[in-house]
Amino acid sequence: MNKAARNIPLDAFWMPFTANRQFKSDPRMLVAAKGVHYTSDDGRDILDGTAGLWCCNAGHGYEQIAKAAYNQLMEMDYAPAFQMGHPIAFEFADRLRNLAPDAFKHVFFTGSGSESVDTALKIALAYHRARGEGQRTRLIGRERGYHGVGFGGISVGGILNNRKNFGTMLTGVDHLPHTHLPENAFSKGQPEHGAYLADDLERLIALHGAETIAAVIVEPVAGSTGVLIPPKGYLQRLREITKKHGIILIFDEVITGFGRLGAPFASQFFGVEPDMFTTAKGITNGTLPMGAVFAQDFIHDAFMTGPEGMIELFHGYTYSGHPVACAAGLATLDIYESGGLLTRAAELAPYWEEKVHSLREMPNIKDIRNLGLIGGVELESREGEFGTRAYEVFLKCFKAGAMVRYTGETIAMSPPLIFEKENIDTLIGILGDAIKSTV
């Protein structure tokens, strides 16, 4: 048992997205991580069924990343990116763009997924203004969408509890309907029904006028809301409509980026190219905070006018292209490449799908959803107690040696891409036992 972890005062840390009083009365402490396991403070191995928080795509404990970060710290711990440069940021940006579809030639560094989203929204607005269409100020998100916790992200996001306590947020924002249809329950992979939901964008265009709309942002696969898989043809239809009306399409790939679906990015998996896409999490394998926005040439080039000495985009962060994060990111890309991890989910996906859907006959199962190496098991709610059944399953899994996420009444899983079939068996076995024992 790690006694030091048990003796630390808990009051000072105001924990994010946590029932603080409940947690601090019975803490769940993680003290080490290696491979596909965490170690709890009482010395137990905890199988990581969530890749940390959708971010440790290659698993845990790589000396290669630690050495790269250490060496960079010793050489140069920090350098500003405002009117200055350092080689490793340019090297990392070039490596990243070579992973993306050919049209994406430019990378803007941020410090997180939330910053990536706000950056992409601001670039979209500024792009239209640079082209003389400054009246395009409206942003379109989607119900049940999650785009981080900045004011831009929660404004275009569509999860009630992330929005309701924070005032009016950005004005001029509207939302598409979500794609979670009852008739698609227990679909394996992409559901058959629901592509028509993209046509609601035409309704919003008729309501507001295409000339007022700057951008549409969606997650290719909605993760935090409970693993919602896009119906077949849905993303393609969104692309057609946005292109027809000159609206920027942004994919939020903070979760789907870096191999989660079996391709480096979801745009490649689905064969649909947005105009920009956001990333974070897996960009450094979760080791250091970092994010990036990928933009097509035409967006970047719209800013490259006027005097050469003029700042083209008045936006950025103190930690944009942080040298230590770039070093960790380069080492992460080496690991992804040497292990074939950016496409490994495609190899594991059929077995993963079979095992996740094997839970269908368990009690209180409402729906099961999967794509790539993502799975969601939605439970029936207890009367008047939404979310309590999933929370109880989450706790039982942790006590039995597996970490899953719960969001609402859905158990969400996104294991590291280095999972083996026996790890899948263990994870689904523990989850099945927890569901079976939960009334």
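The shown structure was predicted, so the numbers you read here are calculated from the model rather than taken from an experiment.
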Do the non-hydrogen side-chain atoms of Arg163 and Met169 ever get within less than 4.5 Å of each other?
yes

Take atom CD of Glu337 as the centre, draw a 6.0 Å sphere, and report whether it contains more than 12 heavy atoms from other residues, nucleotides or ligands.
no

Given 3.5 Å as the limit, does a donor-acceptor pair link the side chain of Arg369 with the main chain of Ile229, or not?
no

Counting only heavy atoms from other residues, nucleotides and ligands, does the tally under 6.0 Å from OH of Tyr351 exceed 12?
yes

According to side chain to side chain donor-acceptor pair (under 3.5 Å), does anything in residues 213-227 pair up with another residue at least two apart or in another chain? List the pairs.
Arg144-Thr225

Check the pair Asp42, Ser40 against side-chain hydrogen bond (donor to acceptor under 3.5 Å, both in side chains), reporting the backbone distance first and the verdict last.
CA-CA 5 Å; Asp42 56 359; Ser40 63; 2.3 Å; yes

Ring pair (Phe, Tyr, Trp, His ring centres under 6.0 Å) with Tyr406: of Tyr391, Phe17, Phe386, only one passes, and it is Tyr391

Check ion pair Asp334-Arg95 (N to O, under 4.0 angstrom):
yes

Separation between CZ of Phe419 and CG of Asp425, rounded to the nearest 0.5 Å:
10.0 Å

Whether over 12 other heavy atoms sit under 6.0 Å from Tyr70 OH
no

Around atom CE of Met304, are there more than 12 heavy atoms of other residues, nucleotides or ligands at under 6.0 Å?
yes

Are the aromatic ring centres of Tyr317 and His315 under 6.0 angstrom apart?
yes

Sequence neighbours left out, what passes salt bridge (charged side-chain N to carboxylate O under 4.0 Å, His left out) with Arg142? Give chain and number order.
none

State, to 0.1 Å, how close His128 and Ile213 come at their nearest heavy-atom pair, and which atoms those are.
NE2-O, 4.3 Å

Centroid separation Phe294 to Phe104 less than 6.0 Å:
no

Is a side-chain donor or acceptor of His106 paired with a backbone partner of Gln296 at a separation under 3.5 angstrom?
no

Report yes if the side chains of Arg28 and Phe394 come closer than 4.5 Å at any heavy-atom pair, otherwise no.
yes

Does NZ or CZ of Arg44 fall inside the cone over Phe398's six-membered ring, less than 6.0 Å from its centre and within 45° of the axis?
yes

Just verifying a value: how many Å separate Asn57 CG and Ile283 CD1, rounded to the nearest 0.5 Å?
11.5 Å

Where does the angle between the aromatic ring planes of Tyr127 and Phe303 fall among parallel (under 30°), tilted (30 to 60°) and perpendicular (over 60°)?
tilted

Over 12 foreign heavy atoms within 6.0 Å of CD, Glu422:
yes

Whether Asp48 and Lys34 form a salt bridge (side-chain N of Lys/Arg under 4.0 Å from carboxylate O of Asp/Glu) is what I want to check.
no

Kindly check if the number of other-residue, nucleotide or ligand heavy atoms within 6.0 Å of CG (Asp102) is above 12?
no

Shortest non-hydrogen pair, Leu333 vs Phe92, comes out as CD1-CE1, 3.6 Å

Taking atom CZ as the centre, does Arg129 end up with more than 12 heavy-atom neighbours from other residues, nucleotides or ligands that are less than 6.0 angstrom away?
no

Ile248: which of Ile299, Ile217, Leu121, Leu125 passes side chain to side chain contact (heavy atoms under 4.5 Å, CB included)
Ile299

Does this structure show an ion pair linking Glu420 with Arg344, if we count only N-O contacts that are shorter than 4.0 Å?
yes

Identified ring pair (Phe, Tyr, Trp, His ring centres under 6.0 Å) partner of Phe258 from the options Trp54, Phe277, Phe265
Phe265

Going through the checks in order, is the side chain to side chain contact (heavy atoms under 4.5 Å, CB included) test met by Ile411 and Ile435?
CA-CA 10 Å; Ile411 299 297; Ile435 293 171; 5.7 Å; no

I need the minimum non-hydrogen distance between Val117 and Gly153, along with the two atoms involved.
CG1-CA, 3.9 Å

Salt bridge (charged side-chain N to carboxylate O under 4.0 Å, His left out) against Glu392, all qualifying residues, sequence neighbours excluded:
Arg382, Lys396

Check the pair Gln72 / His86 against side-chain hydrogen bond (donor to acceptor under 3.5 Å, both in side chains), numbers first and verdict last.
CA-CA 12 Å; Gln72 182 57 51; His86 55 88; 6.0 Å; no

If you round to the nearest 0.5 Å, how far is CD1 of Ile368 from CD of Glu353?
10.5 Å

In this structure, are over 12 heavy atoms from other groups packed under 6.0 Å from Met15 atom CE?
yes

For His180 and Glu378, work out which heavy atoms get closest and say how close.
NE2-OE1, 3.2 Å

